[in-house]
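Working notes, structure below.
The chains referred to below are lettered A, B, ... by the order of the sequence lines, with proteins before strands, and numbering in each begins at 1.
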There are 2 protein chains.
Amino acid sequence: MRISELSRRSGVSVTTIKYYLREGLLPPGRQTAATQAEYDDQHLRRLRLVRALTGVRGLSVSTTREVLDALTEHTGDTHLVLGLALGAVRLSDEAAAHPPETAEVDALVKELGWAVNEAAPARATLAETLASLRSLGVPVDARTLLPYARLAERTAVLDLDQLTGLADPLEAAERALLLTVLLEPALMALRRMAQENESARRHAAE
Amino acid sequence: MRISELSRRSGVSVTTIKYYLREGLLPPGRQTAATQAEYDDQHLRRLRLVRALTGVRGLSVSTTREVLDALTEHTGDTHLVLGLALGAVRLSDEAAAHPPETAEVDALVKELGWAVNEAAPARATLAETLASLRSLGVPVDARTLLPYARLAERTAVLDLDQLTGLADPLEAAERALLLTVLLEPALMALRRMAQENESARRHAAE
DNA sequence: TAACATAGATAGTGAAGGTATCCAATGGGT
DNA sequence: ACCCATTGGATACCTTCACTATCTATGTTA
């Protein structure tokens, strides 16, 4: 298909598609002439993926590019792709500039018995959150997070279960990415509703 | 204290503080003369809160204002503040324009037995996420979310436990907000690490 | 009273994420 | 075989956001 059909089928304007091509979010089409290129279903799929990551999750264009690069370069190894993709998705860019003290978090990870990369940005995210909460007078430490971590373990089991039975490695890697990144707003939405429910329960019980 | 001391103690530049005052993120100081105003610890606390919400969580200035307004206007009722504050934090602004079909999600909430506001934006967030995942070929439905919801229930219990024993209602409301909003990146970081661990475990087991 | 700080107003900045316009080269419909 | 809308590629422009800088009149302090 040509660019106008790609635009029509995805709902993304032609100029925006051109912008994504420039930014490397979308691989160039197969050139058929000097001013003609051919796009296929891969492009359409990729375009929808880009819109999901930027729109639903609010990833920046540059982060999206890093994530997609990890996805296409290491398609074979789902475990590796997950690590790379998630590493690229920084929750906050501040951490890179001022790497916080992660000793406390490292101890937590050790106590949990988790096999997690030493350089995982998630460690910095945790340390930063703890520091912020404490500066605002909320008494939290790594131990506070322990029961949350146990629930996260069970969430991860559910996540990984969704990936079984996918033969195509590209498909598996892509689904891993989607479930990890796109499910985040949904899980937070569930938490908020559960909080509302729990708050109402306790309120009524008094 | 005057603005320069507020700046020094918070690490936020004087010009930025003036900007926050203009934007209504910070209440004006007590005027002592035509070109002089006095700020107190409330302002310092509020300023740190603003930096935490915008910096750690990445909330926009306007969203932050809505959240803080809910916090100060309904200080007495923690349950209400939580609802309002969380309602103001839209995960994605798209939902407001194109309200998605929430029937499926509503059924899930009913099955869970949760007492949740009919108009809660979290419902739309869930519906939108499901729609996105399906458009990308991931076979999910509301039932898929059920086990996640059960884990969210237990997370919410932990959250509400952190709020017990706070006499001052403003403090309780503020802490509720902090734990809900600031803990989000931390919980997602835990989930990612847990996924990495679980992925490694299954990889090794083969 | 001289030097410096402050409040308030207005204008400017830089990054991000597009959008619009131009151009030469097609290429499907007649 | 012709013609004009479409295309790819390049460049310039636009809008929003979150600050940042500058200016002026007024205070404060040593």
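Within 4.0 Å of A:Ser60, counting heavy atoms only, lie sugar-phosphate atoms of the nucleic acid but no base atom.
Along DNA chain C, the nucleotide closest to B:Ile3 and the one closest to A:Gln36 are compared, and the more 5′ of them pairs with B:Ile3. Of the two residues contacting DNA chain D, namely A:Glu38 and A:Arg22, the nearest-nucleotide position lying further toward the 5' end is that of A:Glu38. Comparing A:Thr35 and A:Ser13 by the nucleotide of DNA chain C whose heavy atom lies nearest to each, the residue mapping closer to the 5' end is A:Ser13.
Between the side chain of A:Arg8 and the base of D:dT6 there is no donor-acceptor pair of N/O atoms closer than 3.5 Å. Judged by atom type and distance alone, A:Thr15 does not reach the base of C:dT19 through any side-chain donor-acceptor pair under 3.5 Å.
Of the candidate nucleotides D:dA18, C:dT26, D:dG27, D:dA18 has the atom lying nearest to any side-chain atom of B:Tyr19. In this structure, the nucleotide among D:dT20, C:dT26, C:dT6 sitting nearest to the side chain of A:Ala33 is C:dT26. The side chain of A:Lys18 approaches D:dG8 more closely than any other nucleotide in the set C:dG18, D:dT20, D:dG8. Of the candidates C:dG27, C:dG18, D:dC19, the closest approach to any side-chain atom of A:Thr32 belongs to C:dG27. Comparing atom distances between the B:Ser4 side chain and each of D:dC19, C:dG18, C:dT6 picks out C:dT6 as nearest.
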**Message:** Set out, in order, the CA-CA distance, both residues' side-chain angles and the distance that settles side-chain hydrogen bond (donor to acceptor under 3.5 Å, both in side chains) for A:Ser132 and A:Thr129, then state yes or no.
**Reply:** CA-CA 5 Å; A:Ser132 285; A:Thr129 303; over 6 Å; no

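Here D:dA10 presents its P atom at 20 Å from OH of A:Tyr20, a figure rounded to the nearest Å. For the pair A:Leu47 CG and C:dG18 C1', the interatomic distance rounds to 14 Å; values are reported in whole Å. Protein atom CZ of A:Arg2 is 10 Å distant from nucleotide atom C1' of C:dT26, rounded to whole Å. Residue B:Arg65 contributes atom CZ, which lies 13 Å from atom P of D:dC19 at whole-angstrom precision. To the nearest angstrom, C1' of C:dT6 lies 12 Å from CG of B:Leu21. In this entry the distance linking CD1 of B:Ile17 with P of D:dA18 reads 17 Å, nearest Å. Nucleotide D:dT28 holds its P atom 16 Å from the CD atom of B:Glu5, rounded to whole Å. Following rounding to the nearest Å, A:Gln31 (CD) and D:dT7 (C1') show an atom-to-atom distance of 10 Å.
Looking only at atom types and distance, the side chain of B:Ser7 has no donor-acceptor partner in the side chain of B:Ser4 under 3.5 Å away.
Looking at A:Arg191 and B:Glu184, their side chains come closer than 4.5 Å, going by heavy atoms from C-beta outward. Using a 4.5 Å cut-off on side-chain heavy atoms (C-beta onward), A:Leu182 and B:Leu136 make contact.
With hydrogens and angles disregarded, no donor-acceptor distance shorter than 3.5 Å links the side chain of B:Tyr39 to the backbone of B:Glu5.
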